[in-house]
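Read through the structure below, which is laid out as structure tokens, and then see the notes.
Letters A, B, ... mirror the listed sequences (proteins, then strands); counts begin at 1.
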Amino acid sequence: MPELPEVEVVRAGLAPAVTGARVCGVTVHDERALTRHPGTGADFEARLTGRTIRAAVRRGKFLWLPLVPVPGEEPVCVVAHLGMSGQLLLRSTGAPQERHERVRLDVQHPDHGELAVVFADQRTFGSLAWDTLVPTPDGAAGAGGDDPAVPTQVAHIARDPLDPLFDDSVFRAALTRKRSAIKRVLLDQTVVSGIGNIYADEALWAARIHPEIVAASLSSRAARRLLAEVRDVLAKALAEGGTSFDAQYVNVNGQAGYFAHSLNAYGRTGEPCPRCGHPLVRVSFTNRSSHFCARCQKRPE
DNA sequence: AAACCAACCTGACTGC
DNA sequence: TGCAGTCAGGTTGGTT
């Protein structure tokens, strides 16, 4: 379930279960889930076993679990990315293996007892990895009111639009320097993080902006409107538990989100635009699809 | 430096 | 029933 709202739903579900919990066992079923881990599966298991989780933190679509420090060691964490089909599930200890289970952490929580944290991932684009925490590039606090640190793998990722320290004027200034299509810029995680194909299409539809307009050609007013719509759609989707089209995209308890019912453009090819009634179109774009209303979202001649 | 594309995977669905 | 082709929520690393 992998754009900002879905990852935040997972983070929020994970946090109370893992904060303060001790990892008493790690099982790597499939090393393809560790493509971003610097060592083998056995190395991952050995490093993590016996450690205590301090929090569950997110930036954009990345999620990480900082570990309680060991004296003399640099700050470390387990960093997770769900890719296209990754899930983090909370299960009872000893629960049967999930269909696409790749890694299992058995944890012991001082208040909640034993629990299994299962990483399942059909397409294996997601991953878990051991990583060190480094100071945030801007020196300010990381996500979730945590300390000013991010995993090295996340250092290049911009703050997301729901981060209180996201700088709107820096974002708008970046747009004026980009000659590529506005949708491509929205999907560039080094400019603004957390937005994927669904919410890019939804925000552009809401702001009445054609996805292929050159970013730099947007007026300051249009850029402000777009950012406001990005925030609005992310917040609404989060409130609805995220977007689920099938059983792949679920929270830590395996439940789907409801936002698919509220989509205005994404996946609605041929249906009438909810605003003007003109049929929505799907256009191939960057090896994926854009959905929009050609009447409401005019491309300049 | 910025922009683009192929590659990494599995599974569901469509049309012949 | 089978088989080929298409599509799916993302990121990276290499090439222009």
Side-chain angles (χ1 to χ4, degrees), chain A residues 1-10 29-38 58-63 79-88 98-102 119-129 131 151-158 160 173-204 211-212 214-216 230 233-234 237-238 240-251 256-263 265-270 282-291:
Chain A
M1 0 179 346
E3 296 182 46
L4 185 155
E6 293 78 27
V7 179
E8 175 58 20
V9 165
V10 170
H29 301 292
D30 189 335
E31 297 213 0
R32 292 178 302 172
L34 302 180
T35 48
R36 296 159 141 266
H37 177 68
R58 181 191 57 75
R59 172 172 290 190
K61 306 172 195 173
F62 282 85
L63 179 62
V79 59
H81 196 289
L82 301 178
M84 292 283 263
S85 55
Q87 305 173 329
L88 282 165
E98 296 290 324
R99 172 118 188 260
H100 299 293
E101 181 167 332
R102 311 296 182 196
F119 179 68
D121 186 11
Q122 181 203 103
R123 293 175 70 183
T124 72
F125 290 171
S127 64
L128 301 184
D131 202 359
T152 61
Q153 296 184 16
V154 183
H156 66 296
I157 301 294
D160 62 62
L175 290 191
T176 66
R177 282 185 254 108
K178 298 282 183 181
R179 300 299 312 173
S180 50
I182 183 59
K183 179 166 172 184
R184 190 184 283 277
V185 179
L186 287 180
L187 295 175
D188 183 344
Q189 306 296 302
T190 68
V191 175
V192 53
S193 69
I195 305 168
N197 210 33
I198 295 177
Y199 301 115
D201 281 0
E202 290 298 305
L204 288 164
E212 288 170 40
V214 170
V230 164
V233 70
L234 292 178
L238 177 55
E240 303 267 340
T243 301
S244 303
F245 298 127
D246 54 43
Q248 288 300 318
Y249 305 95
V250 294
N251 68 15
Y258 293 100
F259 196 70
H261 304 287
S262 304
L263 296 174
Y266 184 87
R268 314 200 69 136
T269 312
R282 180 171 79 85
V283 170
S284 178
F285 176 83
T286 320
N287 287 335
R288 42 215 323 206
S289 296
S290 286
H291 310 75

Closest to side chain of A/Arg282, choosing from B/dT10, C/dC7, B/dA3: C/dC7
Sugar-phosphate only, base, or nothing, as touched by A/Asn287 at under 4.0 Å among non-hydrogen atoms: base
Pair A/Glu101-A/Asp30, side chain to side chain contact (heavy atoms under 4.5 Å, CB included): steps then yes or no: CA-CA 8 Å; A/Glu101 181 167 332; A/Asp30 189 335; over 6 Å; no
side-chain N/O A/Arg184 vs B/dC4 OP1/OP2, d < 4.0 Å: yes
Phosphate contact (C/dT11 OP1 or OP2) by A/His81 side-chain N/O below 4.0 Å: yes
Pairing partner of B/dC9 (Watson-Crick or G-U wobble, both distances under 3.5 Å): none
Short side-chain N/O contact to C/dT12 OP1/OP2 from A/Arg36, under 4.0 Å: yes
pair A/Leu82-A/Leu88: side-chain heavy atoms closer than 4.5 Å: yes
Presence of A/Ser85 side-chain N/O under 4.0 Å of C/dA8 phosphate oxygens OP1/OP2: no
Any A/Arg179 side-chain N or O less than 4.0 Å from OP1/OP2 of B/dA1: no
Over all atoms of both residues, closest heavy-atom pair of A/Phe285 and A/Arg184: CZ-N, 3.9 Å
Distance below 4.0 Å between A/Arg99 side-chain N/O and B/dT10 OP1 or OP2: no
Any A/His100 side-chain N or O less than 4.0 Å from OP1/OP2 of B/dG11: yes
A/Tyr266 ring center near A/Phe259 ring center (under 6.0 Å): no
Sugar-phosphate, base or nothing in reach of A/Ser289, heavy atoms under 4.0 Å: sugar-phosphate
Phosphate OP1/OP2 of B/dA2 contacted by A/Arg177 side-chain N/O (<4.0 Å): no
Any donor-acceptor N/O pair, A/Glu3 side chain to A/Lys61 backbone, under 3.5 Å: no
Spacing of A/Asp246 atom CG relative to B/dC13 atom P, expressed in whole Å: 9 Å
Sugar-phosphate, base or nothing in reach of A/Phe245, heavy atoms under 4.0 Å: base
side-chain N/O A/Lys61 vs C/dT11 OP1/OP2, d < 4.0 Å: yes
Interatomic distance where CD1 belongs to A/Ile195 and P belongs to C/dT11 [whole Å]: 11 Å
Touch class at under 4.0 angstrom, heavy-atom based, for A/Asp121 against every strand present: nothing
N/O (side chain, A/Gln189) to phosphate O (OP1/OP2, C/dT11) under 4.0 Å: yes
